[in-house]
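Here is the structure we will look at, set down as structure tokens.
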Amino acid sequence: QVQLVESGGGLVQAGGSLRLSCVASGSIFSINGMGWYRQALGKQRELVAVMSSGGNTNYADSVKGRFTISRDNAKNTVYLQMNSLKPEDTANYYCNAGIRRIVGGTLRNYWGQGTQVTVSS
């Protein structure tokens with residue numbers, strides 16, 4: 001019943017920018033952490049950026065200073081502003097969220113389907 005849907009991926013030149021969005025919908029009581037992971041071809045999925053419900057953030061060293069994560073809690077939405085993109089940023093980007101469906105219920109991890117980001121040199 002819970003879905004995470006990403007949007008905003010695409011093809012850009014090195015040095016360009018993209019803004020990814022992820023909307024959580026369905027049966028949701030509360031959302032704790034929300035964030036972004038990515039998986040390049042032939043590589044393992046890795047953390048890009050996360051934000052707690054209180055606004056604390058954590059970034060991968062490789063994107064620090066270039067990417068910015070933000071949230072609109074009223075809309076159950078998380079964003080990833082990506083600037084100064086590099087070819088090595090090319091990957092499928094996945095939204096992740098810790099969601100409690102009912103009051104007092106279990107906090108569970110949910111994933112979106114992914115959105116492709118391709119950066120050309």
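Quick note: numbers below take in every heavy atom, side chains included, and nothing from hydrogens, waters or symmetry partners.
- Of all non-hydrogen atoms in Tyr59 and Ala49, the two that sit nearest each other are CD2-CB, 3.5 Å.
- With Ser62 contributing its side chain and Ala60 its backbone, the two residues share no donor-acceptor pair below 3.5 Å.
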* Between Ser17 and Asn83, is a side-chain hydrogen bond (donor to acceptor under 3.5 Å, both in side chains) present by the stated rule, with each step listed? -> CA-CA 4 Å; Ser17 298; Asn83 298 326; 2.9 Å; yes
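- Here the SG atom belonging to Cys22 is positioned 4.5 Å from the CG atom belonging to Leu4, to the nearest 0.5 angstrom.
- A continuous path of Ile, Leu, Val, Met, Phe, Trp and Tyr side chains, each step under 4.5 Å between heavy atoms, connects Leu20 with Ile69, placing both in one hydrophobic cluster.
- Using a 4.5 Å heavy-atom cutoff, the side chains of Val78 and Leu80 are not in contact.
- Although no hydrogens or angles enter the test, the distance criterion places a donor-acceptor pair under 3.5 Å between the side chain of Arg71 and the main chain of Ser52.
- Taking 4.0 Å as the cut-off between side-chain N and carboxylate O, Lys64 and Asp61 count as a salt-bridged pair.
- In this structure, the side chain of Arg100 engages the main chain of Gly105 through a donor-acceptor pair within 3.5 Å.
- Arg66 contributes a side-chain N or O that, together with a main-chain N or O of Ser84, makes up a donor-acceptor pair within less than 3.5 Å.
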* Audit row: Met82, Val117, side-chain contact (heavy atoms from CB on, under 4.5 Å) steps and yes/no -> CA-CA 10 Å; Met82 305 185 294; Val117 171; 3.8 Å; yes
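- Both tests hold for Arg19 against Tyr79: distance to the six-membered ring centre under 6.0 Å, angle to the ring axis within 45°.
- Formation of a donor-acceptor pair under 3.5 Å by the Asn76 side chain with backbone atoms of Val23 is not found in this model.
- No side-chain heavy atom of Ile99 sits less than 4.5 Å from a side-chain heavy atom of Ser30.
- For the residue pair Glu6 and Gln113, a side-chain donor N or O sits within less than 3.5 Å of a side-chain acceptor on the partner.
- Remark: Gln3 CD is loosely packed, at most 12 non-hydrogen atoms of other residues, nucleotides or ligands lying under 6.0 Å away.
- Under the 4.5 Å side-chain criterion, counting only non-hydrogen atoms from C-beta, Trp111 is not in contact with Cys95.
- Using cut-offs of 30° and 60° on the angle between ring planes, the pair Phe67 and Tyr93 is tilted.
- Between the side chain of Asn96 and the backbone N or O of Tyr37 there is no donor-acceptor pair closer than 3.5 Å.
- At a threshold of 4.5 Å between non-hydrogen side-chain atoms, the residues Val2 and Arg101 count as touching.
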